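Quick notes on the structure that follows.
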Amino acid sequence: MPNGPSNRSLASVYVPQTVEKEIYQLWEQGGYFQPRPDLSKRPFSIVMPPPNVTGSLHLGHAWDNTLQDIVIRYKRMVGFDVVWVPGTDHAGIATQTRVEKTLQEQESLSRNDLGREVFVKRVWEWKQKFGSLITDQIRALGSSCDWSRQRFTMDDGLSTAVREVFVRLYEKGMIYRGKRIINWCPRCATALSDIEVEHQDISARLYYVRYLTGVDDQAVIVATTRPETMFADVAVAVHPADERYVSLVGQTLHLPLTNSVIPIITDTYVDPEFGTGCVKITPAHDPNDFEVGQRHHLDMPQCIDADGKLNALAGPYAGLTREQARVQVVADLKAGGYLEREEDMVHAVGHCSRCNTVVEPFLSTQWFVRMEELARPALAGVEAQNLNFVPERFQKVFIHWLENVRDWCISRQLWWGHRIPAWYCDDCGQINVSREELTTCEFCHSANIHQDEDVLDTWFSSALWPFSTLGWPQQSEDFLRYFPTSALMTGYDILFFWVARMVFMGLEFTEHMPFQDVVLHGLIRAEDGKKMSKSLGNGVDPLDVIERYGADALRFTLATGTTPGNDQRFHWEKVEGSRNFINKLWNASRFVLLNLSADGVMAPLDKSRLQAVDRWILHRLNDTIESVSNFLDGYDFGEAGRRLYNFAWDDFCDWYIEFAKLSLYGQDAEMKLQTQAVLHTVLDGLLRLLHPFIPFVTEEIWRSLPQREQALIVTQWPQTQAQWVSVEAEKEVGLVQEVVRAGRNIRSELGISPGREITMEIQTEQSDTESILIRSRLYIQRFCHVADLVIHTQGDIPRLALSAVVSGAQLYVPLAGLVDVGTELERLGKDVVRLQGEVQRAEKKLNNSKFVEKAPSDVVTSERNKLVDYQEKLQRVRQRMDWFQSQ
RNA sequence: GCGGCUGUAGCUCAGAGGGAGAGCAUCACCUUGACACGGUGGGGGCCACAGGUUCGAUUCCUGUCAGCCGCACCA
């Protein structure tokens with residue numbers, strides 16, 4: 001890396017805005033995001049879920065990217081050959097709709113005014129113009145993905161992959177074209193797949209309509225929620241076992257308003273309990289009716305067109321929208337005496353997941369992927385544990401979906417996307433499906449052919465993402481080295497849309513699960529727990545957050561707010577907290593840097609010369625390295641981040657730095673050197689550990705560190721070292737902390753002003769405790785502002801003094817003027833209550849013979865130790881109370 | 001109807017078969033030579049409810065209630 005000035009002084013407040021861009025450039029120009037050709041390292045690869053090329057970053061992306069970047073940076077430092085492939089998605093409907101809207105607003109033109117070719121050209125221009133917006137935003141977040149491998153779903157290579165897959169599936173009979181009932185969005189004017197339909201409960205009415213038999217006034221009452229489709233009714237069905245209607249089966253009915261004649265048929269699909277037990281059958285406008293129609297070979301006339309309006313079949317109602325027609329038909333039925341009654345009901349109605357328009361079940365010719373054969377290996381693979389879900393519970397959801405999946409409608413009536421590689425021959429009528437552009441029919445060699453107008457579902461190309469981005473169908477170097485990828489990280493909301501499809505496509509075409517681990521996170525929500533949405537206007541722009549608090553603060557917030565698989569709420573206060581933490585780290589680093597030796601040369605750590613506090617912080621660091629590494633290995637980012645937060649703030653800043661000051665400002669030059677070395681070692685480790693979470697600030701601090709050899713991003717992840725494990729130091733510093741807290745508590749509770757120096761006596765009967773206290777006396781004096789500290793194993797207890805007990809020792813603060821017998825008794829009384837509780841709890845356990853018999857011996861031992869400790873403390877406090885009461 | 005998640009301090013949330021935690025908020029005190037984006041001390045909780053398993057349950061199991069989310073059906 002370029003050599004920044006060493007040991008330069010840092011400002012007292014960290015200002016991310018001035019640093020982040022520069023650091024990112026430094027990384028990118030240093031080529032650190034690209035893997036080094038090093039075959040001795042194990043590969044670790046991730047493909048980034050591609051955002052919409054013309055979209056902009058939202059907090060969900062930011063979260064997703066942060067988690068991926070944490071893993072990537074961690075694995076890179078651990079020593080894997082890491083590659084993270086970024087890219088964008090052409091997002092068919094979304095992009096097309098957006099361009100159409102702008103076209104309409106700015107030029108009052110529709111896509112039909114332009115024609116297909118010109119329109120598609122305009123979308124490409126739009127993509128060129130706005131396509132870098134989102135990738136720049138991903139850069140602003142600090143993502144260390146390999147931009148040299150960036151892909152777009154409509155790149156040549158990826159388009160080749162799409163064609164290859166389409167053709168192969170078609171040749172295997174796994175893609176077919178057929179006239180079926182599909183989900184149609186009249187506003188988007190395209191077919192949708194089942195999962196692009198959202199079911200919402202709607203309060204509606206159930207209309208009971210009289211269909212006359214033509215004999216006298218005899219009628220059958222049919223219940224329907226969609227009277228406007230009656231013009232396309234071809235039958236009325238009853239359950240074969242429904243005795244009420246047995247005599248009518250085979251007879252005909254006259255449709256009200258049109259007088260068409262339709263038969264009464266039987267089908268077990270009919271639920272005799274619902275409504276009247278009679279169902280009107282409209283095969284072209286209802287998925288269930290469609291199946292009935294197929295079974296009974298019924299006609300399938302359509303009365304609603306693609307634009308959602310009624311057609312000529314509806315006679316006088318032609319031209320009305322579905323909604324208008326319903327109102328009019330109901331009114332006319334009522335007027336004609338055909339409406340028996342109406343009933344309020346609530347039922348689920350499908351809505352377009354993109355524009356929320358009510359979806360029309362629509363009979364049309366579309367392309368489908370046969371799912372049965374694709375789902376089977378996917379299920380088998382998952383059940384054989386070849387795919388590791390984090391958290392595990394998503395596996396069940398995944399399996400359930402695959403077990404029930406229906407054929408996938410993949411054709412879309414759009415212009416923006418991968419055009420279906422099928423050509424129809426106008427002479428022989430054959431369908432040609434081909435990898436190459438065709439000009440003549442492969443069957444009859446006629447030049448009279450035309451390509452299918454439709455494009456493929458965007459998810460069809462996304463399904464190939466993990467291998468198409470790496471070069472497939474070529475056996476490219478990248479594909480051979482980095483596929484299957486190591487992990488796929490994304491929100492659980494696209495488990496079916498994307499993850500499932502990648503899995504079955506991966507298995508079909510590469511014979512591998514496309515990734516080993518599937519790590520699913522939740523959704524980011526607004527403060528009140530609601531979904532962030534444009535319509536609610538409660539969205540937060542991550543770029544705003546970055547601008548105000550820095551990318552690191554955003555990242556740390558998102559990462560530490562993560563509980564595997566769960567949603568999290570966004571609060572500005574959390575970001576502020578993260579910003580404060582980053583500033584804390586900044587200042588702790590400043591402290592360390594200011595106190596290193598002027599020449600920047602560090603003494604090697606000499607274990608024999610270290611003090612307990614040094615061994616303690618190194619022990620803590622060791623512990624932190626271990627747990628953070630473990631949490632990261634298990635993709636538990638939240639817990640890893642929180643551990644680091646606590647270690648950095650509590651152990652390092654609040655305690656160790658304060659301990660270190662004594663040595664740094666003291667007279668012992670040798671000790672000072674060791675302290676400097678420890679400070680440096682801990683900061684060094686901390687920066688490495690925090691780097692995946694808050695890469696900018698850690699790299700920036702790193703640049704100021706002496707003795708650095710390379711950029712932090714490519715340094716080694718810290719290793720645990722057995723030599724730094726020190727139970728003894730934990731115990732020693734634990735006692736010091738207990739004494740300090742007790743001393744501070746006395747000062748605070750008695751309102752002793754901070755500037756006032758006090759006298760303290762500590763009495764203990766244990767020689768090891770005594771030596772710890774003697775060794776630590778300067779800490780106690782400094783932290784509790786004690787001018788005169790007496791430590792003794794025997795002797796008189798100070799008379800008029802405030803007191804506290806700690807494990808193995810008693811503390812006295814003689815303060816004649818401040819001791820009020822009443823308040824002191826009250827203080828001690830509270831302590832007695834607390835300690836009594838503890839003693840009782842421990843006694844109850846230990847008096848239970850079953851506990852002593854059955855509980856693990858270490859639990860019993862520790863319980864015994866606790867009891868002794870509490871009993872002793874209790875006794876001391878009571879003695880003290882007795883003494884006061886006798887006054 | 002099937003499946004899942006959540007219920008812990010005022011708020012947002014961790015946690016874990018064996019002494020209830022954090023951040024924010026709150027109260028008191030503090031310009032202590034890294035940091036007021038800071039320091040010190042304090043208050044605050046039958047860990048939703050009822051059973052069960054266990055020596056021991058806030059944690060595991062079952063059920064109930066409440067909130068939420070998928071999937072399926074709905075004439």
Side-chain angles (χ1 to χ4, degrees), chain A residues 10 12-14 195 199 201 206-209 222-226 236-237 269-271 274-282 286 288-289 345-349 391 393-394 396-397 400-401 404 492-493 495-496 522-523 527 529 549 553 560-561 563 565-571 573-574 576-595 638-639 642 645-646 650 653-654 657-658 661 664-665 740-741 744-749 751-755 782-785 837-838 841-842 844-845 848-856 858-860 862-863 866 870:
Chain A
L10 304 174
S12 72
V13 171
Y14 173 63
I195 49 179
H199 292 275
D201 277 344
L206 186 61
Y207 302 95
Y208 289 78
V209 183
V222 168
T224 180
T225 53
R226 299 205 61 196
V236 164
Y269 147 72
V270 181
D271 174 7
F274 190 93
T276 58
C278 295
V279 187
K280 72 189 203 57
I281 301 298
T282 323
D286 181 280
N288 291 308
D289 292 6
M345 73 174 300
V346 172
H347 69 152
V349 176
R393 66 185 142 89
F394 287 108
K396 241 202 270 182
V397 185
H400 181 257
W401 186 77
N404 297 287
Y492 64 67
D493 53 327
L495 182 60
F496 308 143
L523 268 42
E527 280 188 72
Y549 292 100
T560 52
T563 311
N566 286 5
D567 295 350
Q568 73 169 309
R569 299 185 193 196
F570 179 87
H571 292 269
E573 291 83 355
K574 292 189 197 170
E576 199 175 310
S578 301
R579 188 273 315 264
N580 294 351
F581 172 66
I582 287 159
N583 194 242
K584 186 76 180 174
L585 175 72
W586 177 259
N587 276 289
S589 307
R590 219 158 68 91
F591 174 85
V592 173
L593 288 165
L594 290 170
N595 285 287
E639 206 51 39
R642 278 172 240 129
Y645 182 99
N646 291 333
D650 301 342
C653 293
D654 287 348
I657 285 183
E658 296 306 322
K661 284 175 181 172
L664 293 173
Y665 305 151
V740 167
R741 287 198 189 100
R744 282 170 171 170
N745 177 274
I746 287 177
R747 292 191 63 109
S748 174
E749 291 219 335
I752 301 167
S753 65
R782 182 180 168 100
F783 295 165
C784 298
H785 221 73
E838 300 288 3
R841 189 192 50 74
K844 192 179 156 200
K845 275 194 165 181
N848 180 348
S849 59
K850 285 181 178 166
F851 170 73
V852 182
E853 279 166 32
K854 297 196 175 177
D858 57 323
V859 173
V860 178
S862 98
E863 207 59 44
K866 281 187 249 172
Y870 286 127

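In the text below, chain A, chain B and the rest are named by the order of the sequence lines, each starting its count at 1. Model, not experiment: these values are computed from the prediction.
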Answer yes or no: is there a donor N or O on one side and an acceptor on the other, between the side chain of [X] and the main chain of [Y], under 3.5 Å?
X      : Y      : result
A:R747 : A:H785 : yes
A:N583 : A:R579 : no
A:K574 : A:R569 : yes
A:R744 : A:C784 : no
A:N587 : A:S12  : yes

Please report, rounded to the nearest Å, how far the [atom2] atom of [N] is from the [atom1] atom of [X].
X      : N     : atom1 : atom2 : value
A:H199 : B:C69 : NE2   : P     : 16 Å
A:D567 : B:C69 : CG    : C1'   : 8 Å
A:I195 : B:G70 : CD1   : P     : 13 Å
A:E838 : B:G18 : CD    : C1'   : 13 Å
A:R747 : B:C30 : CZ    : P     : 12 Å
A:D201 : B:C71 : CG    : C1'   : 13 Å

| query | How does RNA chain B read in dot-bracket, base by base from 5' to 3', with Watson-Crick or G-U pairs under 3.5 Å and | used when the partner is on another strand? | reply | (((((((..((((....[..)))).(((((.......))))).....(((((..]....))))))))))))....

| message | What verdict does the salt bridge (Lys or Arg N to Asp or Glu O under 4.0 Å) test give for A:K661 and A:E658, after you've listed the backbone C-alpha separation in whole Å, the side-chain angles of each residue and the deciding distance to 0.1 Å? | response | CA-CA 5 Å; A:K661 284 175 181 172; A:E658 296 306 322; 3.1 Å; yes

State which residues pass ring pair (Phe, Tyr, Trp, His ring centres under 6.0 Å) with [X]; sequence neighbours excluded, sorted by chain then number.
X      : value
A:Y207 : none
A:F851 : none
A:F496 : A:W401
A:F591 : none

| Nearest nucleotide by nearest heavy atom, which residue falls closer to the 5' end of RNA chain B, A:N404 or A:L206? |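 Looking at RNA chain B, the more 5' nearest nucleotide goes with A:N404.
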
| query | 5'-most contact on RNA chain B: A:W401 or A:E639, nearest heavy atom basis? | reply | A:E639

Check: protein-nucleotides 54-60 of chain B nitrogen or oxygen pairs below 3.5 Å:
| unit_1 | atom_1 | unit_2 | atom_2 | d |
| --- | --- | --- | --- | --- |
| B:C55 | OP1 | A:K854 | NZ | 2.3 |
| B:C55 | O2' | A:N848 | ND2 | 2.6 |

| said: Quick test of your reading of the model: are A:E863 and A:K866 salt-bridged, counting only N-O distances below 4.0 Å? | reply: yes

Can you list the residues that meet the salt bridge (Lys or Arg N to Asp or Glu O under 4.0 Å) rule with [X], with sequence neighbours excluded?
X      : result
A:E639 : A:R642, A:R643
A:K396 : none
A:D567 : A:R525

Under 3.5 Å, N/O pairs linking protein and nucleotides 4-8 of chain B:
| unit_1 | atom_1 | unit_2 | atom_2 | d |
| --- | --- | --- | --- | --- |
| B:G4 | OP1 | A:K396 | NZ | 2.7 |

Using the [atom1] atom on both, measure [N] against [M] and round to a whole Å.
N     : M     : atom1 : result
B:C11 : B:U54 : P     : 37 Å
B:C2  : B:A16 : C1'   : 31 Å
B:U62 : B:C73 : C1'   : 29 Å

Write out a two-atom table: protein N or O, nucleotide N or O from nucleotides 9-12 of chain B, distance below 3.5 Å.
| unit_1 | atom_1 | unit_2 | atom_2 | d |
| --- | --- | --- | --- | --- |
| B:U12 | O2' | A:K574 | NZ | 3.3 |

| For the residue pair A:Y492 and A:F394, does the interplanar ring angle fall in the parallel (under 30°), tilted (30 to 60°) or perpendicular (over 60°) class? | parallel

| query | Which part of the nucleic acid does A:K866 contact within heavy-atom distance under 4.0 Å: base, sugar-phosphate only, or nothing? | reply | base

| request: Between protein and nucleotides 31-41 of chain B, map the contacts as a letter string: B base, S sugar-phosphate only, - none, heavy atoms under 4.0 Å, written 5' to 3'. | output: --BBB-BSSSS

| query | For the atom pair OG1 (A:T560) and CD (A:Q568), what is the distance rounded to the nearest 0.5 Å? | reply | 7.5 Å

